[in-house]
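Below: one structure, written as structure tokens.
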Amino acid sequence: MHCPSSKGKDTGNIKHMTKCKPARVAGSIAVALAACLLGATGKAQAPNTPASGASTATESSPVAGAQQQLYTASGENGAKTTQGSFAGSVVTGKATSGVIDLSLDDAVQRGLRQNLGLILQSSAEKNASGQRLEELQALLPTVTGTAAIEVQQINLAAFGLKFPGLNPIVGPFQTVDFRAYLTQNLVNVSALQNYLAAKHNFNAAHLTAQDARDLVVLTVGNGYLLCIADSARIDAVTAELATSKLSLDQANAAHDAGTSPKLDVLRAQVDYQNEQQRLISAKNEFEKDKLALARAIGLPLDQQFNLTDKVPFAALNGVDPQTAFAQALKTRKDLQASEEQVKAAEAEKKSAWAYQLPVASFSGDFGDLGTTPGHSHGTYSATGQITAPILQIAKTRGQEQVAGAQYDEARAKLADQTQQVNQDVRDSLLDIQAAEKLVDATRSNVELAKEALDEAQQRFHAGVSDNLAVSEAQAQTEQANDQYISALYQHNVAKLALARALGAAQTNYKDYLGGK
């Protein structure tokens, strides 16, 4: 991100915008991440913030605001992980002594390997796969084997069996039994529907894990853009510090020459020290944002790195909302996951109804039974049976109502999520258009403020006016630069949010950030 002027005003951080309320980048998210995702790990989802203009020199908000707002503006991920999980990662390796170069693509690829939200969602996918296999077993043959040796001695008298002249104590004697058991459901509609429901739930978890990759790109991309904005702000504040030093030197020279009062010197000194404080704050926020980025991509926090991509302004035009929405319906993995969840709920509803149907099953065993392995003979049994519930009306009706309510809920959520995707796309396009206009307007403001500052400095140097006009012009220049940097950030984030809204953040984020 490049600032056309050497002057700008720091608000502390590009993410610190409460009154200015940076433009929303899309509708409501997870994730993610998302939740992150998604926000910071374990945090609740942040509410949407109304769109507004770029930040001013006096308007700022917390660092997490921009990132959590990005999560909540991108549609739910559907993952069981919290959106804050996407702000964390699993660190591999140790920090090196040197400084590494980190491009946007490098950061994204690291995030796709080590981001915590993605790892947790992959675990959720494995869990769903295990549940699917458990339900499948009810439809497959089950074979178990036993090997037993039993020694008994029986007291017949204890059972009321007494025979004259016969010892009531029988034994001890032993039996050896080697046996295999087979059970198989022949017709079990409920078990079949339970398996289909588990299969659809697994498909939903798989699609949700794929959608989590988009949330990782969203999280990492936003973090990288924040660092770029911070870097641009440091450059602007550094230039403003040099300008303030020049104004201070002019005020001192004028005072020493007797053409300017001490008040001008004091005013210039205050401006200069304010710029020093702003530079310290800007550098501190930059380092904190780098730590947040490193944490999201699994980079050791003590690893030093440089950002190699600047992501300059590039307009994104010619995107039709209806066409984009049609594309999102085909590519949004979280929407496809919700469709699978509807199918799972439908199968569970059918399973609840099928509990009242008869179940046909087969069971049998075959083995070798005798007093010793050498004195034994093969034995077997085979049983076919049909079982059917006769009187459990309340239970069956209750299960049907519960499953039916869950099915209706899943369908309603899918219908709402479809509209949410539509809103995500349209919100992103509106944000892109608004941010593009803000970039044009703030760029012009930067040039005008710079010209006004030069004019004020010349008038003060010529002794025509005091340096109050210089101080005011410096403040206006700082504000204009700050607004321009904020507008560039908002524009790039809005394009990244559009890529997520279309379900193409992972595969096409470069195209959107670079412009089409």
Side-chain angles (χ1 to χ4, degrees), residues 29-43 45 67-68 70-72 74-93 105-136 195 197-224 292-300 331-344 410 413 417 496 499-509:
I29 180 172
V31 123
L33 225 233
C36 185
L37 171 156
L38 336 309
T41 303
K43 294 181 181 178
Q45 299 179 5
Q67 197 166 26
Q68 284 199 355
L70 189 62
Y71 299 155
T72 56
S74 300
E76 289 190 4
N77 171 259
K80 296 299 183 182
T81 55
T82 64
Q83 293 177 356
S85 302
F86 293 94
S89 63
V90 176
V91 178
T92 57
D105 188 59
D106 292 337
V108 168
Q109 295 306 316
R110 284 179 178 269
L112 291 175
R113 291 194 303 267
Q114 296 166 224
N115 186 269
L116 179 61
L118 186 56
I119 292 174
L120 294 181
Q121 188 51 50
S122 298
S123 298
E125 180 183 0
K126 293 179 181 178
N127 180 67
S129 177
Q131 293 176 350
R132 177 194 56 168
L133 293 176
E134 288 179 359
E135 295 295 341
L136 177 61
Y195 166 70
K199 181 180 179 181
H200 288 303
N201 282 329
F202 167 71
N203 292 338
H206 177 69
L207 290 166
T208 301
Q210 292 181 336
D211 181 70
R213 302 179 71 85
D214 268 9
L215 293 186
V216 171
V217 174
L218 192 67
T219 303
V220 175
N222 180 63
Y224 199 96
L293 175 60
R295 186 164 175 263
I297 63 178
L299 200 64
T331 55
R332 280 285 289 260
K333 300 301 182 182
D334 56 340
L335 193 60
Q336 297 174 19
S338 295
E339 292 174 351
E340 290 292 331
Q341 290 170 350
V342 170
K343 295 178 182 178
K413 286 183 176 180
Q417 190 172 359
L496 188 62
R500 187 281 182 274
L502 296 178
Q506 179 190 351
T507 56
N508 298 96
Y509 70 91

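Within the model, atoms CG of L112 and CZ of R213 stand 4.5 Å from one another, a figure rounded to the nearest 0.5 Å. Annotation: the span from I119 atom CD1 to Q121 atom CD amounts to 12.0 Å, rounded to 0.5 Å. Once rounded to the nearest 0.5 Å, the distance linking CZ of F202 with CG of N127 reads 11.0 Å. Atom CD in Q109 sits 7.0 Å away from atom CZ in R113 (nearest 0.5 Å).
Taking 4.5 Å as the limit, some side-chain heavy atom of D211 sits within range of a side-chain heavy atom of R500. Here the side chains of K199 and N203 are in contact, with some heavy-atom distance below 4.5 Å.
The backbone N or O of G88 sits less than 3.5 Å from a side-chain atom of N115, completing a donor-acceptor pair. Under a 3.5 Å cut-off, the side chain of S122 and the backbone N or O of L118 do form a donor-acceptor pair. At least one donor-acceptor pair under 3.5 Å links the side chain of T331 to the backbone N or O of L502. Checked by atom type and distance alone, the side chain of R295 never pairs as donor or acceptor with a backbone atom of S89 at under 3.5 Å.
Across L120 and S85, no two heavy atoms sit closer than the pair CD1-OG, 3.6 Å. Closest approach of A128 to N201, counting heavy atoms only: CB-O, 4.2 Å. In plain terms, the two heavy atoms of A501 and R332 that are nearest each other are O-NH1, 2.9 Å. A pairwise comparison of heavy atoms in L299 and R110 identifies CD1-NH1, 3.3 Å as the closest pair. Nearest heavy-atom pair, L218 versus L496, reported as atom, atom and distance to 0.1 Å: O-CD2, 3.8 Å. A pairwise comparison of heavy atoms in Q341 and A410 identifies O-CB, 4.3 Å as the closest pair.
Between Q114 and the options I297, T92, V216, V91, a side chain to side chain contact (heavy atoms under 4.5 Å, CB included) holds for only T92. When the options E340, K343, R132 are evaluated for a side chain to side chain donor-acceptor pair (under 3.5 Å) with H200, the one that passes is E340.
Side-chain contact check for Y509 and D105: at least one donor-acceptor pair (N or O, by modelled atom type) lies under 3.5 Å.
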